[in-house]
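Have a look at the structure below, then the notes.
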Amino acid sequence: MNKTIINFMGLMFLTLTLQAKMIDGIALIVEGEAVTTAEIKAVQTQMGVSKDEATDLLIQDRLQKSVMKDIKISEESIDAKIAEIAAQNNLTIPKMQKILSEQGTPWVKYRKSIKEGLKKSKFFQKEVVASIPDPSENEMQLYYNNHKELFTIPTRISVIEYSSSSKDKIDNFLKTRRVKNIKSRKMTKMTKKMEPSLLATLLQTQNGNYTRPINTGNAYIVFKVLSKKGKSAMPFEAAQSAIAAKWKEEQQQKALKDYFEKLRTRADIQKIR
């Protein structure tokens with residue numbers, strides 16, 4: 001998930017976490033939804049922003065609700081997303097539920113946050129991502145020249161390689177972390193000598209996490225990434241996919257901002273106090 005979607009989805013937590021009461025009265029009504037002075041004060045405190053900035057954030061939150069009210073998310077989709085998050089963090093669902101409970105987050109509330117996130121992601125893909133074309137090579141070259149500091153990679157990556165001729169055994173290893181009948185060896189790989197697809201996989205895997213099984217033809221291999229050290233510039237040719245992703249991310253941020261600015265100009269916003 002890229003930063004644009006994360007920033008876009010972030011506002012959902014305003015209405016999921018704020019416990020504002022009506023005692024301070026209604027400050028605004030946005031598309032029929034009230035924004036209270038208590039909510040504005042809470043956002044100011046929690047996010048360290050001014051009153052005007054907090055008000056703008058809450059207006060956008062209500063506008064998001066209005067444009068996404070007809071988006072439907074199935075319970076199966078929520079279950080699948082939770083399972084994906086659990087797998088990424090090497091957790092079982094019961095373990096995740098226990099951790100959230102210990103942190104004071106009810107499971108029902110967590111599922112609601114996942115549902116809202118999926119709604120926002122679905123809306124974002126339809127209304128923003130689909131409207132952004134792929135960059136031309138000239139656009140990518142210009143972006144690369146102006147942002148070379150963004151396109152660096154480690155010079156070496158330390159990993160533990162786990163391998164087996166049996167896919168079932170390697171899948172079982174990922175579930176249990178038991179190394180019986182699994183070969184393992186620790187190594188440091190130099191990135192400049194690595195095959196591009198493996199390099200991309202290891203770069204995308206956070207330290208301490210495992211890659212998905214890789215079929216080499218003779219065996220199934222999983223890497224646990226231990227550390228990434230050093231720093232070297234990526235050549236333009238090798239960085240093209242990363243350049244395109246960054247370029248599109250910036251374009252999406254602009255498109256999203258423009259979308260809500262236009263939406264706000266025609267929205268029914270009533271200032272009460």
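Distance CD1/I157 to CE/M187: 12.5 Å, rounded to 0.5 Å. With rounding to the nearest 0.5 Å, the separation of CD1 in I82 from CG in L118 is 9.0 Å. Rounded to the nearest 0.5 angstrom, K72 NZ and K122 NZ are separated by 10.0 Å. For the atom pair CD (E33) and CD1 (I26), the distance works out to 10.5 Å, reported to the nearest 0.5 Å. Taken from CE in M140 to OG in S241, the straight-line distance is 9.0 Å, to the nearest 0.5 Å.
Taking the charged nitrogens against the carboxylate oxygens, R264 and E261 have no contact shorter than 4.0 Å, which rules out a salt bridge. The pair K254-D258 does not meet the salt-bridge criterion, since no charged nitrogen lies less than 4.0 angstrom from a carboxylate oxygen. Of the charged side-chain nitrogens involved, none lies within less than 4.0 Å of a carboxylate oxygen, so that E31 and R266 do not count as a salt-bridged pair. Checked for salt-bridge contact, E161 and K183 miss the test: no charged N lies under 4.0 Å from a carboxylate O. Taking the charged nitrogens against the carboxylate oxygens, D70 and K119 have no contact shorter than 4.0 Å, which rules out a salt bridge.
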Would you sort out whether Q270 and L28 count as a side-chain contact (heavy atoms from CB on, under 4.5 Å), showing the intermediate values? CA-CA 6 Å; Q270 303 172 43; L28 300 164; over 6 Å; no
What do the steps show when you test L202 against K189 for side-chain contact (heavy atoms from CB on, under 4.5 Å), and what is the final call? CA-CA 10 Å; L202 296 182; K189 290 181 169 288; 4.3 Å; yes
Where do V35 and R62 land on the side-chain contact (heavy atoms from CB on, under 4.5 Å) test, with the steps shown first? CA-CA 8 Å; V35 174; R62 298 306 194 266; 3.8 Å; yes
Using the rule given for side-chain hydrogen bond (donor to acceptor under 3.5 Å, both in side chains), can you reason through E250 versus Y143, listing the C-alpha separation, both sets of side-chain angles and the distance that settles it, and then say yes or no? CA-CA 11 Å; E250 286 196 4; Y143 190 87; 2.8 Å; yes
Could you give me the CA-CA distance, side-chain angles and deciding distance for T211 and T205, then say whether side-chain hydrogen bond (donor to acceptor under 3.5 Å, both in side chains) is met? CA-CA 6 Å; T211 67; T205 304; 5.8 Å; no
Walk me through it: do T152 and E149 pass the test side-chain contact (heavy atoms from CB on, under 4.5 Å)? CA-CA 7 Å; T152 60; E149 73 284 356; 5.9 Å; no
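Closest approach of Y144 to A239, counting heavy atoms only: CE1-CB, 4.5 Å. Across P135 and K248, no two heavy atoms sit closer than the pair CD-CG, 4.1 Å.
The number of heavy atoms from other shown groups lying within 6.0 Å of CG (N218) does not exceed 12.
Residues I153 and F223 share a hydrophobic cluster, clusters being chains of Ile/Leu/Val/Met/Phe/Trp/Tyr side chains in contact below 4.5 Å. In terms of hydrophobic clustering, with Ile, Leu, Val, Met, Phe, Trp and Tyr side chains grouped at heavy-atom distances under 4.5 Å, V159 and M190 are assigned to different clusters. Under the 4.5 Å side-chain heavy-atom criterion for Ile, Leu, Val, Met, Phe, Trp and Tyr, I114 and I73 are members of the same hydrophobic cluster. Follow the hydrophobic side-chain contacts under 4.5 Å out from L142 and you never reach I243; the two are in separate clusters. I59 and M68 fall within the same hydrophobic cluster, where Ile, Leu, Val, Met, Phe, Trp and Tyr residues are linked whenever their side-chain heavy atoms come under 4.5 Å apart, directly or through other members.
Counted by atom type alone, Q141 and N145 present one or more donor-acceptor pairs between their side chains at under 3.5 Å. With hydrogens and angles left out, the side-chain atoms of S197 and E195 include a donor and acceptor closer than 3.5 Å. Remark: the S113 side chain and the E116 side chain contain no N/O donor-acceptor pair separated by less than 3.5 Å.
In this structure, R177 has no salt bridge (charged side-chain N to carboxylate O under 4.0 Å, His left out) partners at least two apart in sequence or on a different chain.
In the hydrophobic clustering (ILVMFWY side chains linked at under 4.5 Å, chained through shared members), L174 is joined by I160, Y162, I170, F173, V179, I182, Y210, Y220, V222, L226.
Ring orientation note: the planes of Y259 and F123 are nearly perpendicular, at an angle over 60° on the 30°/60° scale.
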